Protein chains: 2
Amino acid sequence: MATTTAAQRREQARAEYDAFLKGCPTNQLLDRISDKWVALVVSALAPGPMRYSDLGRRIAGVSPKMLTQTLRTLERDGLLTRTVTPSVPVRVDYALTPLGTSLSLLLTAVKDWAETHFDEVHRAREHYDTETG
Amino acid sequence: MATTTAAQRREQARAEYDAFLKGCPTNQLLDRISDKWVALVVSALAPGPMRYSDLGRRIAGVSPKMLTQTLRTLERDGLLTRTVTPSVPVRVDYALTPLGTSLSLLLTAVKDWAETHFDEVHRAREHYDTETG
DNA sequence: CGGTATCCGGCGGGATACTG
DNA sequence: CAGTATCCCGCCGGATACCG
């Protein structure tokens, strides 16, 4: 039969859309800044460079795995630099690049929006929850 | 033993931090806009109101479940309104509130950053991947 | 100190089927 | 048309252990 089922069509559409999203700069950036640890790392580094273990302590509750993973992707994207000083013991510093600093400014804009409209969102939630019971 | 292990201390820190993040407006907002479908719904509605099934078609590949879930949370947060017209068949329109429109402007800022710096990020990635082999 | 490697449990979300 | 209900799988990320 010539049946292209609705499911098949949606799967097809989803595949195309996923491909589109993978190439979409905005979506890629959202994936980046939405990561739980990325915002924390970037804002921790905004005032100045920091060592690996300092970051680990500053960002309480992060596991080594996630900290490293986060730092690697940010380094790959050119948002921060990783500098190894081959002393004993070895010392590794992370610092924002200009691009990273620029991103931290964008995050500041997000933060401002959040703080400005938080009350409004909160009230909307209480209203919604009351109505719905 | 009196050992408070590193693991225990990290778990404690993580619990506190999670609580802190839950109450943090910025983090809540990031959770919201980072959701895969939220940005798509908000930008789809930016030009004007739309019906449920129109949104479903416009945002290719979204399942009914996720579309409804996304719309519900956005409605709860006061970012959009849901209007039921009890005709036959019923008609439901979704429209951004002023707050939602304001959020869409923030998303535009994110989009602008993404498009402005995409090349730079892309070059950084290629450089990183080349160096690392 | 600054990581890497491995295992594994929870849950987000897709597929599928049904309803007012 | 506009959803709801259920099952279930993939994968994210935490815990743990080990290395240069």
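Residue numbering restarts at 1 for every chain, and letters A, B, ... go by the order of the sequence lines. All figures in this text were calculated on a predicted structure; none of them were measured in a lab.
Listed nucleotides: C:dG2, D:dC1, C:dG13. Nearest to the side chain of B:P89: D:dC1. Comparing atom distances between the A:R82 side chain and each of D:dA2, C:dG3, D:dG14 picks out C:dG3 as nearest. Nearest nucleotide to the side chain of B:W37, out of D:dG3, C:dG14, C:dC1: C:dG14. Candidate nucleotides D:dC7, C:dC1, D:dA2 were compared by shortest atom distance to the side chain of B:K65, and D:dC7 ranks first. Of the candidates C:dG13, C:dG3, D:dG13, the closest approach to any side-chain atom of B:Q69 belongs to C:dG13. Proximity note for A:V92 (side chain, C-beta onward) versus C:dG2, D:dT4, C:dG14: the nearest is C:dG2. Of the candidate nucleotides C:dG14, D:dC1, D:dG14, D:dG14 has the atom nearest to the side chain of A:S63.
Computed from coordinates, the A:L67 CG to D:dA15 P distance equals 14 Å when rounded to whole Å. Rounded to whole Å, the distance from CG on B:L21 to C1' on D:dG13 is 15 Å. Between B:D54 atom CG and D:dC1 atom P the separation is 9 Å, expressed in whole Å. Rounded to whole Å, atom P of D:dG3 lies 7 Å from atom CG of B:L71. The distance from atom CZ of A:R72 to atom P of C:dA5 is 11 Å, rounded to the nearest whole Å. Atom pair A:Y94:OH and C:dG3:C1' shows a separation of 8 Å (rounding to whole Å applied). Between the CG atom of A:L40 and the P atom of D:dG13 there is a distance of 13 Å, given to the nearest Å. For A:R91 and C:dG2, the CZ to C1' distance is 13 Å, given to the nearest whole Å.
Using a 4.5 Å heavy-atom cutoff, the side chains of A:R32 and A:D77 are in contact.
A:L74 and A:L105 fall into different hydrophobic clusters, where Ile, Leu, Val, Met, Phe, Trp and Tyr side chains are chained together by heavy-atom contacts under 4.5 Å.
B:D129 has a carboxylate O that lies under 4.0 Å from a charged side-chain N of A:R76, or vice versa, which qualifies the two as a salt bridge.
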